[in-house]
Amino acid sequence: YPEVNLSISHSGDYSAVMLSSFESIGIDIQLHRASIRKIAPKFLYEAEINHSDIDKLHYYWGIKESVFKAWSKGGVNFKSMIQVPPFQLKNGRMKTEVIFDNTETRLRYTAQGKRLGNLYLTSVEPIIE
């Protein structure tokens, strides 16, 4: 089925699958981990970290992982190439627009996320213009 695009993620005993007719989709699932604060400087700038609680840090990570999977060509600097604007959480959900920019290619995605107990589920799909 060449018209179907697939993205897969897992964390602990959990898995997530996304199927779409859109090209360049991505999904990520993450277990809640306090240790995310330790790795946050690898994917966020200090100002972003300082304005984020632990839930937002999980969403930022999931969004960036999802974009990485959607791009699927490697060579991605999570901190500088994937731009996620500040976003609000409402009832454990979030939605925002994300930019991937590696100087040769600039792509826009819609990112969505939802917390399910101790899991964070995020996905991206391209904005078609």
Side-chain angles (χ1 to χ4, degrees):
Y1 300 95
E3 70 280 0
V4 176
N5 295 288
L6 169 74
S7 183
I8 300 171
S9 181
H10 67 89
S11 184
D13 294 333
Y14 299 93
S15 298
V17 176
M18 182 178 184
L19 296 170
S20 177
S21 60
F22 290 122
E23 290 184 29
S24 65
I25 57 167
I27 193 164
D28 189 63
I29 191 168
Q30 290 294 319
L31 283 166
H32 179 90
R33 295 185 181 148
S35 62
I36 196 159
R37 291 195 181 282
K38 291 179 184 175
I39 65 165
K42 293 181 180 185
F43 63 93
L44 291 174
Y45 293 103
E46 189 174 332
E48 294 170 311
I49 296 167
N50 293 338
H51 291 97
S52 298
D53 62 18
I54 196 159
D55 285 334
K56 284 190 175 182
L57 292 177
H58 281 87
Y59 283 118
Y60 275 119
W61 175 252
I63 291 167
K64 291 186 177 211
E65 274 284 318
S66 296
V67 170
F68 173 74
K69 291 174 184 178
W71 173 245
S72 74
K73 297 176 185 169
V76 176
N77 180 312
F78 279 41
K79 190 185 280 191
S80 65
M81 292 181 184
I82 304 171
Q83 302 154 18
V84 183
F87 55 86
Q88 299 297 316
L89 299 178
K90 186 173 182 180
N91 299 322
R93 294 174 182 254
M94 59 76 55
K95 186 173 184 176
T96 192
E97 186 176 306
V98 179
I99 306 255
F100 171 80
D101 190 346
N102 71 354
T103 67
E104 295 173 13
T105 304
R106 183 177 172 90
L107 303 170
R108 294 174 47 225
Y109 294 94
T110 298
Q112 299 181 71
K114 180 177 181 175
R115 185 168 180 183
L116 304 164
N118 68 340
L119 293 169
Y120 298 86
L121 182 64
T122 54
S123 64
V124 297
E125 61 184 52
I127 295 174
I128 308 295
E129 299 183 60

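Just the heavy atoms: all of them, side chains too, but no hydrogens, waters or symmetry mates, feed the values below. All residue numbers in this chain count up from 1 along the given sequence.
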Note to self: Using the side chain to side chain contact (heavy atoms under 4.5 Å, CB included) criterion, which residues pair with Ser72? Sequence neighbours excluded.
What the structure shows: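 Partners of Ser72 under the side chain to side chain contact (heavy atoms under 4.5 Å, CB included) test: none.
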Quiz prompt | Contacts of Phe43 that satisfy side chain to side chain contact (heavy atoms under 4.5 Å, CB included) - sequence neighbours left out | solution =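 By the side chain to side chain contact (heavy atoms under 4.5 Å, CB included) rule, Phe43 matches Ile36, Ile39, Ala40, Tyr60, Trp61, Lys64, Phe78.
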Apart from Leu31 itself, which Ile, Leu, Val, Met, Phe, Trp or Tyr residues share its cluster (side-chain heavy atoms under 4.5 Å, direct or through members)?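 Members besides Leu31, by chain and number: Tyr14, Met18, Phe22, Ile25, Ile27, Ile29, Leu116, Leu119, Leu121, Ile128.
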Connected to Ile127, directly or through other members, by ILVMFWY side-chain contacts below 4.5 Å are none
For Asn77, give me all partners under side chain to side chain donor-acceptor pair (under 3.5 Å), at least two apart in sequence or on another chain.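 Checked Asn77 against side chain to side chain donor-acceptor pair (under 3.5 Å); matches are Ser80.
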The salt bridge (charged side-chain N to carboxylate O under 4.0 Å, His left out) partners of Arg115 (sequence neighbours excluded) come to Asp55
Rounded to the nearest 0.5 Å, the NE2 atom of His10 sits from the CD1 atom of Ile8 at a distance of 9.5 Å
Separation between CG (Asp13) and OG (Ser11), nearest 0.5 Å, reads 9.5 Å
Q: Please name the pair of heavy atoms, one in Ile63 and one in Val124, separated by the smallest distance, quoted to 0.1 Å.
A: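 The pair with the smallest heavy-atom distance is O-CG1, 4.3 Å.
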Please find the pair of heavy atoms, one from Ala70 and one from Gly26, that lie closest to each other, and give the distance.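 In this case the closest contact between Ala70 and Gly26 is CB-N, 4.0 Å.
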What do the steps show when you test Val76 against Ile82 for side-chain contact (heavy atoms from CB on, under 4.5 Å), and what is the final call?
CA-CA 8 Å; Val76 176; Ile82 304 171; 3.8 Å; yes
Linking I/L/V/M/F/W/Y whenever any side-chain heavy atoms sit under 4.5 Å apart, do [X] and [Y] land together?
X     : Y     : result
Leu6  : Phe68 : no
Tyr45 : Val84 : no
Leu44 : Leu89 : yes

Legend entry - Residue pairs, two or more places apart or on separate chains, that pass salt bridge (Lys or Arg N to Asp or Glu O under 4.0 Å) and touch residues 28-47: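 Every salt bridge (Lys or Arg N to Asp or Glu O under 4.0 Å) pair that includes a residue of residues 28-47, provided the two are not neighbours, is Asp28-Lys69.
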Show me the pairs that pass side-chain hydrogen bond (donor to acceptor under 3.5 Å, both in side chains) and involve residues 89-102, at least two apart or across chains.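 Residue pairs with at least one partner in residues 89-102: Glu97-Arg108, Asp101-Arg106.
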Which pairs with one or both residues in residues 15-26 pass side-chain hydrogen bond (donor to acceptor under 3.5 Å, both in side chains), sequence neighbours excluded?
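Those involving residues 15-26 do not exist here.
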Find out whether Leu107 and Ile99 are in side-chain contact, i.e. whether some heavy atom of one side chain is under 4.5 Å from a heavy atom of the other.
no
Residues 109-129 vs ring-ring contact (aromatic ring centres under 6.0 Å, His included), sequence neighbours excluded, gives His32-Tyr120, His58-Tyr120, Tyr59-Tyr120
